[in-house]
Structure formats: C-alpha cells, structure tokens
Amino acid sequence: HKGTNKPASHRQCLSFCPSAAIMVVVHRCRMVEFQPSAVVALAWERQAPYQAKRSVGARLAVAREGGSIEIWNATTGWHMERVIPGGNGMSVESLVWQSGRLYSAGMHGKVTEWNLDTLTAESVADSFGGAVWCLAVDPSGNELAAGCEDGSIKFFDTSDGVLQYQRSGQKQHGRVLSVAWNTTGDLLVSGHSDSKIRLWNHSTGQLMLRITVQDEHKDSTLIWGVALLDDKTIVSTDSRGYTQFWNGQHGTLRQSFMEHSADVLALSVDDSQKVVYSSGIDNRISQFKLVTSEQADGETARPRWMVTGRCRDHTHDVRAVALGPDGLLVSGGVDTNLIVYKTKRFGQSGASLRKLPPFPQRQFVHVASAARALMYQSTNQVQLWRLGQSDASAEALKAPERYQAGERLPTTQPPTLMVDLCLKTDHHIICSCLSPDANVVAVSTAIGVRIFTVTPNEQDVPIVSRIKRLPAGLKPAQALAVTPDSKKVVSVTLDNTFQVLDVDARELSCSLPLSDDLSDAPAQACLLCVSSDGQWAAATQSGVIDVFNLDSLQLHVSLPRFSPNPTAMAFVPGTSMLVVATVSQQIHVFDVEIRAFTEWTRQNADNLPTQWLERKEKIVAISFDPSLPNAIVLQDHASFCVVHLDKDLPVRDAVLFDQRHGESTAGSDTPRQAAGTKRQRGGATKSGRKAATPTKSSRSPGRPGTPKSSKPSKPSNFVVVKRYQPLLAAAFSGSELVVVERPWLSVMEQFPPPLYRERYGL
C-alpha cells in the first residue's frame, strides 16, 4: 500500500442541483475506473421437485473473467442475489446446475461445487486430465461429464451429495471442447479440437461414431458446441462459422448453415428440440427451427431446419447463450452486458426484452459522510480519494440567486488519490467499508478481514497502517460497517454470524448468530448498516432483518420477513428509524426503538406511484441530506430519487419521469429542467457564466416536464434525477452531494476491438 497525492485523471466538476426546495453543491466525479469483466458462461437452474416448495424462482448463474460467479433471479425482476468472488488464477469455462447444486470448471483443471450460502467451495475434485473446457449433467442428476485438455471425458459421481472422481473415458487426439448427453442418458456426443465429432455409449464407454468435419485451410476445425437430439440428430458449431446438423446413425451431413463469419462459440437447444440458437465472435445470434412443409402432391415432406430469426444487439463477441423458463433467452459476452430475449418474438424489431448492465447491485463506492473523501473497491485493491474543492461553493450557498441550477463552478483544487491499497492475496475482495471520518478502512476476502488506519502526517500525506494481531475468532465477512466514532467494526460473516470488533482493544465484543430463516429460501445478498449515533446495527439474511443494540451487544428485534427481499437499507440520521427498500421497489420505514413500522409506512407503503413500482432498476443505496432530515435519497445505477417523508405522496398515476428521455417531470427539480427554464436570452446566466444547454424536452411544447405542458402531474415528492448515468454512487459528504459516474464510452474503450465487418452503402 502507499499514500499519494496523485491528481485525478478524469474530469470532476462542481455544479448546482436543486434537491426539492433547496440548492446543494454536487460533486460530479468520474475518477473511478470501474471496469466490468466479460461474460464467459451461462447456466439456468432446472428446478428439482423439492425446490418448488422453496420458491427459489428462475435462477441464472453467470460466470465472468476472473472467476467470479453471479446468481441472478429472473422471477424477482432480475435481482442479483449472490456473487461468488473470483481470484487470481481462478478460471471458469463452464457452469452447470444439478438439483440445486452449482458446479464450475476451468483452466486450473478442477471441478468445483459451490456453497451458495457461504460463497465458498463445497468440494473440489481434480480432473486428472488437465484443463477442463466443458461440463455436462446427465439427465438422472447423478453424474457429471467433463471434457479435458488430454482428449478424454472424465466422469464424476454426485449421487451421494459429494463430488467424487469416478472414471475416465478413452483418450483421443485433440482436447474436448464440448460435450452433451441425450435425454435418456445412454449416449454422449463430444466435439474436439482435431476436427472430429465423436458419439459415445455411456454404459460401455465405446466409441460408436466418428465424424470428420472439413478443415479450414491447413488448420484443424474447432468444434465449439455440440448437442444430441432424441432422433439422434447431432448439432454442431465450429470455428469456420458453420452450424451443422448431422445424422447421428450414419454420420452424414443433413444440413449446413454458414450463419456466422467467425467462430461459433455458443449453442443452445430448447426443451422441445425444435429450436436451436447459435452465436459467436461476429456477435450475431441466429435462430433455427425445425419446419415441416407440405409438398405439391399433398404429402408431408421431411422436416427441415431453417433460419427463422437473427439479432445483433451485442457490440462484441458473444461467448454464451442459454435458454431458460418461460421462453427466455439470455446472451452475454465481451461487452459485459446480459441481454434477455423473448423467444416468441425473436428476430422481430424490439425482440430484446431488456439489457442487464454489469454494475454490481451492491455498494462498492463508499462516501465518507464526515470527510471530503470517497473509497472505491475493485477486485483486489481499494482507492481512497480526496474530493475536489471550489472556492465559489460557499459563496453560491450564501447567494443562490446569483447562480443557475446546473451551473458548473470553477474547481480550485482537483480531486486527488490519497491511498492506493493493493492486497497481496489471490482472493478477490468480497466487501469493504469506510468510516465516516475516512480514518478506518476494512476489507474482507474469503480468507479473512483486514483493517487499516489512515492518518495524515505534517505534510498532509496520508500514512496507512495495518492493524495486526486481530482476534482469531474474527471470520471472513460478506458485509462490513464502521461505527461513526471509528471504534468498532461490525460484520456479517460468511456463515451468517453477527460480529462486533473493538478496534482499540483488538478483541471481539460479541459474536451472535443471525435469526434462522424458517422459509428455507435460498441465500440472498447480505446487507448491513449502522445508525448515526452508533447505537443500532441492522443486518439481513434472506429477507429477515435483525436489529442489534451495540450498547448492550444483544439482539433487539427481528423484523418480519420481507418478500421480495431487501436491496438496500439505512438509518435516518439522528433517529432510530430504519429505511428499507425491496426488490419490488417498496419503501418501508421501521422504528427499531418501539419495534413497529412508522405511520408513514402504514399509510403509504401500498400507495406508491405506479410508474415507480414498474421501474426495472433496483435500489442499491440509501442516503440522507443533513439539511433535510425527512428526505430520503434512493439510488440505483440509472438515477436517484428524493422522497420526503413529511410530504404527501403523488397520485398513483403520477408521471415521475419521461420514460423515453429519462427526465423527471417535477418542474425545475432536475438540473436539466432547471438549466432550461432559467436560461436567459443569449445563453448567459446572471453571473455571466455559461449555463447548460436546455434539452429538447424542455423546449418542446406538450412534453412532460415543460412549463407549457399541463397534462402530466408535477409532484413535489418522488423527484427522480436521471442526469447522471451510469451512476455508481450518490451520497452526501457533509452538506454536499457526491455523484460518481462511469461513462459507458470509457468502459468500452477498454474492450478489445470487435470483429471487423464490411458495411456497404454507408
């Protein structure tokens, strides 16, 4: 680790933005260089009979470069439930589910079963065949097949709940790049790097059929994907760009489609075995259907495969496609986005149902509320930044009438990187926290918690010191928080234990188990927060919120289980009221001292505006304006919203923002609207500085949010601001609002170049 005063390489501006009835200084920060990882594998969970009672929903496992695995729930509106952290040297090339158990394999040559409750490996088995390129689950759910570097298929027994190496198939020339079972489990098909497709008898291990695919020039053809249908049709995709259908009895080619201009890396077949999807480096997704036509003599012709749809919504290589329940198709690749399609409309305009951005649905940027600082957590390092400063900010607050809303103020001191803390470990960071005074930093990996102190010397250079000899009972954490006095570090461990560490004494003050979840629901993302007076701490486990008294170190109350689960929570400063936001966009306020929901919740929880409830983005953080104790700031990755507890709710059909343009309709309550309505003739402001250019919606009559429009209501509550996107953080540091953006163009600059395609007529 090191202390530094490196200036920010990205633009940071101070501007004015109205929050309800007041003006606040906004730090617009772009120095956080968050870079998402490419998607390398996808796998839908096929629910076992016992899971229907647990209401686990439709879950999708997403593996990214670096070894991290995300668990998404499509039933709850695409909520990221869990994240298994990756690490240096960790690799995931293939993912499979088996009766609620998740397995992965990669270049390290091991097959791993993951515990989704503790985010750790449940069991690990060596392949004894080098790197594992692919995995497949047999239909009975008792066996795994792994395609290996040495050209053999390894089989693992999972019938007794433990992953065990069983046997090896015959070694062949060329690594096994793809493998698939038939629906009865007696046959397997494998694709190799030596231009061969092989059909195997599972019970005897004998090779039944070998198909040789045409080589490309002098290089062998790589068979990236295979599938075996019930009529013994073999589907293959390869490095030449072909999707081919073979007769699995005689090894003859039935149909061949060159739908792609480069390697076809992904293949997926629906349950009816009449629809096939393929995609690859050229970022096109093609749909094939088995079509039966009628001949001229009235007889039915033999069914044939036809291309029935194409989509190209990704900007770079597509590495994986997966068909799920309810006709959902998900694709992912180098551009890091997940795109969800409805298969019934595939190939039509607007077939993509939604795009899921790669930003984590948790806090990884922390703003120090009592210091001008913020901290950014990446995979194996944390950066502590000092915010910039403007001499005009104090003057502007005293005389706001001299300034325009949205006006940029001159920056006299740019933001500087104070600390760049790199962890010397192969495990990626699970969670981190920053004390309100920015003097204590805590991080946790899968092997333990580390705590650092940051103190400036006489030259104002930060000195970083690691607190050593922490108690042995301090376990790795999935959530961390620091009390306002920086004397206690609160954590929720991977095994769902609530712990409090006394920083000065370096000893555990308490270690209490979280409440048992009687619903037997799958584990969810863990949340943790501490009240501003340091008396209360709230922690979640699968929708159940436990509130602890940090003075008596005892469990104070357990809230009723939230369904769907919470996504963010925070205490109102100076009170004992806990604000909770859920997956369904509901907002609840609970007074922990009297152990009851507040009157605002009882009256308004079921009367929120419809447009608010229909939002797709999930709330990831909650903060508060110190000058407005009754105002809640709810932040997602596309906007932040100001909700006033002391104001009436908008009507149910109120228009909070224009869905086409992403602008609020609350009059001049957004920087963009304010800049447009207060702009003077000639484009200059009263102070002579250039104001922001008004948007088209602020000039056009009849648009929601313009002074000339009277159709949509203009609520003074639920003010939605969508000016800052993508939004990584929005929180107050003192009386100033800090918004952290990561422009998507900056993210795309780090991607490798896409496949070149000639375009005619341009």
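Note that these values count all heavy atoms, side chains included, but never hydrogens, waters or copies made by symmetry. Everything numeric in this text was worked out from a predicted model, so none of it was measured.
Of the possible polar contacts, one joining the T343 side chain to the G327 backbone as a donor-acceptor pair under 3.5 Å is found. Within the 3.5 Å criterion, the main-chain N or O of T493 finds a donor-acceptor partner in the side chain of Q478. A donor-acceptor pair under 3.5 Å links the side-chain atoms of S91 to the main chain of M107, judged by distance alone. Between the S178 side chain and the I223 main chain, a donor and an acceptor come within less than 3.5 Å of each other. Between the side chain of K154 and the main chain of L144, no donor-acceptor pair closer than 3.5 Å is present. Panel note: side chain R284, backbone E259; a donor-acceptor pair is recorded below 3.5 Å. Under the 3.5 Å distance criterion, the side-chain polar atoms of S195 are matched with a main-chain donor or acceptor of T221. Judged by distance alone, with hydrogens and angles left aside, the side-chain atoms of Q35 form a donor-acceptor pair with the main-chain N or O of V747 at under 3.5 Å. The backbone N or O of M80 sits less than 3.5 Å from a side-chain atom of Q361, completing a donor-acceptor pair. With hydrogens and angles disregarded, no donor-acceptor distance shorter than 3.5 Å links the side chain of S104 to the backbone of L95.
Salt bridge annotation for E70-R64: present, with a cationic side-chain nitrogen under 4.0 angstrom from a carboxylate oxygen. Using a cutoff of 4.0 Å between basic side-chain nitrogens and carboxylate oxygens, E65 and R319 are scored as salt-bridged. Taking a cutoff of 4.0 Å between a charged side-chain nitrogen and a carboxylate oxygen, K475 and D495 qualify as a salt bridge. Checked for salt-bridge contact, D238 and R240 meet the test: a charged N lies under 4.0 Å from a carboxylate O. Using a 4.0 Å cut-off between a side-chain N of Lys or Arg and a carboxylate O of Asp or Glu, D326 and K344 do not qualify as a salt bridge. Salt bridge annotation for R742-E33: absent, with no cationic side-chain nitrogen under 4.0 angstrom from a carboxylate oxygen.
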inquiry  = Between L163 and Y103, does the side chain to side chain contact (heavy atoms under 4.5 Å, CB included) criterion hold? Intermediate values first, please.
reply    = CA-CA 10 Å; L163 178 66; Y103 299 90; 3.9 Å; yes
### Message
Please evaluate residues N201 and D186 with respect to the criterion side chain to side chain contact (heavy atoms under 4.5 Å, CB included), reporting the C-alpha separation (whole Å), side-chain torsions for both, the decisive distance (0.1 Å), and the verdict.
### Response
CA-CA 6 Å; N201 185 304; D186 59 334; 5.9 Å; no
* Derivation and outcome, side chain to side chain donor-acceptor pair (under 3.5 Å), residues E149 and W133 -> CA-CA 7 Å; E149 180 75 18; W133 288 86; 2.7 Å; yes
For a side chain to side chain contact (heavy atoms under 4.5 Å, CB included) check, start with the C-alpha distance between L265 and T237, then their side-chain angles and the critical distance, and finish with the verdict. CA-CA 7 Å; L265 305 176; T237 59; over 6 Å; no
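Just one residue in the list D335, N337, N283, D282 forms a side chain to side chain donor-acceptor pair (under 3.5 Å) with H314, and that residue is D335. No option in I234, T252, L253 other than T252 meets the side chain to side chain contact (heavy atoms under 4.5 Å, CB included) test with N247. Each of F155, F156, Y165 was checked for a ring-ring contact (aromatic ring centres under 6.0 Å, His included) with F128, and the lone residue meeting it is Y165. For the side chain to side chain contact (heavy atoms under 4.5 Å, CB included) with L423, the qualifying choice from R450, H428, Q381 is R450, the only one to do so.
Within 6.0 Å of CD on Q214 lie no more than 12 heavy atoms contributed by other residues, nucleotides or ligands. More than 12 heavy atoms of other residues, nucleotides or ligands shown are found within 6.0 angstrom of CD on Q164. No more than 12 heavy atoms of other residues, nucleotides or ligands sit less than 6.0 Å from atom CZ of R210. Heavy-atom neighbours of M258 CE from other residues, nucleotides or ligands within 6.0 Å: above the threshold of 12.
The side-chain heavy atoms of L135 and V111, taken from C-beta on, include a pair separated by under 4.5 Å. K289 has its side chain out of reach of V307: every pair of non-hydrogen atoms, C-beta onward, lies at least 4.5 Å apart. Taking 4.5 Å as the limit, every side-chain heavy atom of I447 sits out of range of all side-chain heavy atoms of P476. Between L187 and L228 the shortest side-chain heavy-atom distance falls below 4.5 Å. Looking at heavy atoms from C-beta onward, I69 lies in side-chain contact with I71 at the 4.5 angstrom threshold. Contact annotation: the side chain of D271 approaches that of R46 to within less than 4.5 Å [non-hydrogen atoms, C-beta and beyond]. Side-chain atoms of L207 and L199, non-hydrogen and from C-beta on, never get closer than 4.5 Å to each other. Counting only heavy atoms from C-beta outward, the side chains of V179 and I153 approach each other to under 4.5 Å.
Checked by atom type, the side-chain pair D230/T183 shows a donor-acceptor distance below 3.5 Å. W246 and S236 share a side-chain donor-acceptor pair at under 3.5 Å. Counted by atom type alone, D263 and W224 present one or more donor-acceptor pairs between their side chains at under 3.5 Å. With no hydrogens or angles considered, a side-chain donor-acceptor pair links S190 and W200 at under 3.5 Å. Judged purely by distance below 3.5 Å, without hydrogens or angles, the side chains of Y341 and D313 pair a donor atom with an acceptor atom. Counted by atom type alone, T158 and R101 present zero donor-acceptor pairs between their side chains at under 3.5 Å. If you check the side chains of S256 and Q244, you find a donor sitting under 3.5 Å from an acceptor.
Closest of all the heavy-atom pairs between R82 and T118 is NH2-N, 4.3 Å. Pairing each heavy atom of A180 with each of A136, the nearest pair is CA-CB, 4.3 Å. Between S94 and A41, the shortest heavy-atom contact is CA-CB, 4.2 Å. Of all heavy-atom pairs between I430 and P85, the closest is CG1-CG, 3.6 Å. Of all non-hydrogen atoms in V39 and T336, the two that sit nearest each other are CG2-O, 4.1 Å. Across all their heavy atoms, T233 and R254 have their closest contact at OG1-NH1, 2.9 Å.
Residue E81 holds its CD atom at 9.0 Å from CG of L116, rounded to the nearest 0.5 Å. How far CD1 of I84 is from CG of L102: 5.5 Å, rounded to the nearest 0.5 Å. Note that CD of Q377 is 5.5 Å distant from CD1 of I429, once rounded to the nearest 0.5 Å. Note that CZ of R175 is 12.0 Å distant from SG of C148, once rounded to the nearest 0.5 Å. We find the CZ-CD distance between F346 and Q348 to be 11.0 Å, quoted to the nearest 0.5 Å. Rounded to the nearest 0.5 Å, atoms CG (N182) and CG (D138) are 10.0 Å apart.
Between F359 and F34, the ring centre distance stays below 6.0 Å. Proximity of the aromatic rings of F288 and W305 is defined here by a centroid distance below 6.0 angstrom, and this criterion is not met. Two rings, from Y242 and H260, have their centers 6.0 Å or more apart.
Between F364 and Y376, the two ring planes are perpendicular [angle over 60°; tilted spans 30° to 60°].
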